[in-house]
A.B. asks: 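Before anything else, here's the structure in question.
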Amino acid sequence: MSVQPATQEIITELEAALSRIGVDANAWKGNEPVSTPVTGETIFSTLTHTAKDVDAAITRAAEAFIQWRDVPAPVRGALIKRWGELLTEYKDDLAVVVGAEVGKITSEARGEVQEMIDICDLAVGQSRQLFGKTIPSERPGHRLAETWHPLGVVGIISAFNFPVAVYAWNTALALVAGDTVVWKPAETGRLSAVATDALLARAVREVGAPAGIHQLVLADRVAGQALVEDPRVALVSATGSVRMGREIAPLIAARFGRALLELGGNNAAIVAPSADQDLALRGIVFAAAGTAGQRCTTLRRLIVHESLADALVDRIAAAYKTLSIGDPRTEGTLVGPLVNKKSFDAQQAALAQAVAEGGTVVYGGDRVLADVHPDAYYVQPAVVRMPAQSAVVQEETFAPILYVLTYKTLDEAIALQNGVPQGLSSAIFTNDQAEAEIFLSARGSDCGIANVNIGTSGAEIGGAFGGEKETGGGRESGADSWKAYMRQATNTVNFSGQLPLAQGVKFL
Ligand code: UN1
């Protein structure tokens, strides 16, 4: 089969990167094509796991858990330390795989691997800090304390747009916590998963950890269902659409499993009159057009004070005109392709709906480079002025469309910001301290992430990541997210030689 020269180049780079990483590519070959969003052509074909394979993977992970839970947490940390070293060594190679498979620009693909390295650092430190509190007992000669234990098998369902970083957030903490993991990556993301898993396998071998602690299954939704329904999977950590969350959450709840959901965002930034307009502009453009609008933290709604709106929109449109769109591997490219035609169709449908609802496309939205890459979908980031109320602004469309709304008072701006079903990330650009504090207070942003004078995307791993409402309520990555991967036990130890009962109860 003949492919475009660009596709052939990608295949060559990909094969070289996979081989340096140590992936036995033949072992993963099969009939399921993997295409690159860069040209839309096939670059590899992987095997597919069946429901039976998924079941066997859960069995292996459950067996490995019996050994792994007894390994001291700091020793478990040594595994993650080694994984982080390998990720550092093969950062550029893994970034090539991610870039080829999901179409990220090189600096963002490397940034994604850096995010994995960062979470490994955090998890290694965490391995010595799985703290439990000691609590004053009301009874003399008693000690009351909490201890934290691993949960068991954690099922990780990851999305295409951060095919490896979000897996690493979960895995680094889960393994340090003493859990074992079964990973089902998105259909787009399978090769990145194979490469990531190979580096973890090498770390496991080198430190002598049980081989079964990490399992990778290249399964479709039907075969992957076992991860959601199998009672041996203590926690399901899933990243994806609200629709996916709605399907799996009741199934997990029905068996009283735990769910950690990171679903859609519909993130907004407020731009107040006192804001540094240059800084706001840069923050807005990165958050709205970066990653071609395909982050769950992408800025989708701009809520601008009415006195600034015309000037700011003009500046955004002017900045958008300068963004170079194209092959994400090319130095200087800032906007790569949409992941596939379905994304492009959704982008076109959203723009048409916006116009039907009274919106005006100020700039962008058109497909470009269709003559060069007829099977790839590159679009200009769009900026669209919208009337206050419209249905399309309530929805997350995974493409670079920035809806602009205006406000008169801060209360009105906050009401607009919170007035969507999702609650992931939010920001305010202001130099008025009281305004910033109000935005961060209980009557301000209702999101899991609320920023001042930076955009909505690009969070560091040290903070907890996740959001409220339809975003699903989960928290991953930093702060005390590690607790989601462990179970808490309360221990009362009586060293008094008496048996006083709590609450003053007398018995016998
Ligand atoms: C995602 O889009 O699912 O805050 C994760 C950010 C990145 C992670 C995004 N650190 O934009």
Side-chain angles (χ1 to χ4, degrees), residues 87 95 98 101-105 107-122 156-173 183-186 188-189 192-193 196 237-245 260-269 282-300 334-336 338-339 343 396-400 402 422-427 445 447-452 454-468 470-479 481:
L87 289 166
V98 169
E101 195 174 24
V102 308
K104 285 192 187 201
I105 63 169
S107 114
E108 291 200 48
R110 289 185 182 153
E112 170 155 12
V113 182
Q114 186 59 46
E115 199 156 339
M116 305 172 79
I117 297 165
D118 293 343
I119 194 70
C120 286
D121 280 354
L122 181 130
I156 303 171
I157 298 172
S158 60
F160 84 86
N161 65 325
F162 271 80
V164 289
V166 176
Y167 164 72
W169 295 351
N170 283 284
T171 299
L173 287 176
W183 181 15
K184 185 192 115 36
T188 300
S192 305
T196 296
S237 178
T239 307
S241 64
V242 172
R243 187 187 54 76
M244 180 269 284
L260 199 172
L261 300 176
E262 207 252 277
L263 310 174
N266 189 355
N267 317 298
R282 290 182 54 210
I284 291 162
V285 173
F286 170 64
T291 332
Q294 299 171 109
R295 290 192 189 214
C296 41
T297 50
T298 290
L299 176 60
R300 310 206 177 276
L334 292 177
V335 181
L338 293 179
V339 66
S343 265
E396 176 188 51
T397 301
F398 232 55
L402 181 63
Q422 312 83 352
L424 179 56
S425 186
S426 60
S445 164
C447 292
I449 298 172
N451 296 334
V452 177
I454 70 161
T456 50
S457 66
E460 301 174 18
I461 54 85
F465 185 98
E468 302 303 325
E470 288 189 359
T471 303
R475 291 296 185 278
E476 294 175 315
S477 194
S481 304

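Both counts, for ligands and for their atoms, begin at 1 and track the order of listing.
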A.B. asks: Is Arg475 paired with Glu468 through a side-chain N to carboxylate O contact shorter than 4.0 Å?
C.D. replies: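 Yes, charged N to carboxylate O under 4.0 Å.
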A.B. asks: Does Asn161 approach ligand 1 within less than 4.0 angstrom via side chain, backbone, both or neither, non-hydrogen atoms only?
C.D. replies: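 The side chain, only.
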A.B. asks: Kindly say whether Asn267 contributes a backbone atom to a donor-acceptor pair with the side chain of Ser426 at under 3.5 angstrom?
C.D. replies: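 No.
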A.B. asks: Below 4.0 angstrom from a heavy atom of Ala459, which ligand 1 atoms are there? Numbered from 1 as shown, please.
C.D. replies: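 Answer for ligand 1: 4 (O), 6 (C), 10 (N).
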A.B. asks: Using a 4.0 Å cutoff against the non-hydrogen atoms of Glu262, which atoms of ligand 1 qualify?
C.D. replies: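 So the atoms of ligand 1 that pass are 3 (O).
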A.B. asks: Within ligand 1, which atoms have a heavy atom of Ser457 less than 4.0 Å away?
C.D. replies: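 Checking each atom against Ser457, I get 11 (O).
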A.B. asks: I'd like to check whether Thr239 has a polar contact with ligand 1, where a contact means an N/O of the residue lying under 3.5 Å from an N/O of the ligand.
C.D. replies: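 Such a contact does not occur with ligand 1.
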A.B. asks: Do Asn161 and Phe398 have side-chain heavy atoms sitting under 4.5 Å apart?
C.D. replies: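 Yes; the side chains approach each other to less than 4.5 Å.
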A.B. asks: Give the numbers and elements of all ligand 1 atoms closer than 4.0 Å to a heavy atom of Arg295.
C.D. replies: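 So the answer, numbered in order with elements, is 2 (O), 6 (C), 7 (C), 11 (O).
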A.B. asks: Among all the protein's non-hydrogen atoms, which is closest to atom 9 (C) of ligand 1, and how far away is it?
C.D. replies: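 Going atom by atom, the protein heavy atom closest to atom 9 (C) of ligand 1 ends up being Phe162 CE1, 3.6 Å.
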A.B. asks: Please identify which atoms of ligand 1 are closer than 4.0 Å to at least one heavy atom of Thr297.
C.D. replies: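 Reading through ligand 1 atom by atom, the close ones are 4 (O), 6 (C), 11 (O).
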A.B. asks: Got the closest protein heavy atom to atom 6 (C) of ligand 1, with its distance?
C.D. replies: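 Checked against all protein heavy atoms, atom 6 (C) of ligand 1 sits closest to Gly458 N, 3.2 Å.
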A.B. asks: Ser477 side chain to Gly462 main-chain N or O, any donor-acceptor pair under 3.5 Å?
C.D. replies: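 Checked: no pair found.
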A.B. asks: Between the main-chain N or O of Ala399 and the side-chain N or O of Arg300, is there a donor-acceptor pair closer than 3.5 Å?
C.D. replies: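 Such a contact is found between Arg300 side chain and Ala399 backbone.
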A.B. asks: Starting from atom 3 (O) of ligand 1, which protein heavy atom do you reach first, and at what distance in Å?
C.D. replies: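 Protein heavy atom at minimum distance: Cys296 SG, 2.5 Å.
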A.B. asks: Glu460: heavy atom below 4.0 Å from ligand 1, yes or no?
C.D. replies: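 No heavy atom of Glu460 comes that close to ligand 1.
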A.B. asks: Do side-chain atoms of Glu108 reach the backbone of Gly290 as a donor and acceptor pair under 3.5 angstrom?
C.D. replies: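 Checked: no pair found.
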A.B. asks: Taking the side chain from Glu115 and the backbone from Ala165, do they hold a donor-acceptor pair closer than 3.5 Å?
C.D. replies: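 Absent.
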A.B. asks: Can you confirm whether Glu396 sits close enough to Val242 that some side-chain heavy atom of one is under 4.5 Å from a side-chain heavy atom of the other?
C.D. replies: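 Heavy-atom side-chain distance check fails, nothing below 4.5 Å.
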A.B. asks: If we set the cut-off at 4.0 Å for heavy atoms, which region of Glu115 has an atom near ligand 1: side chain, backbone, both, or neither?
C.D. replies: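 The side chain, only.
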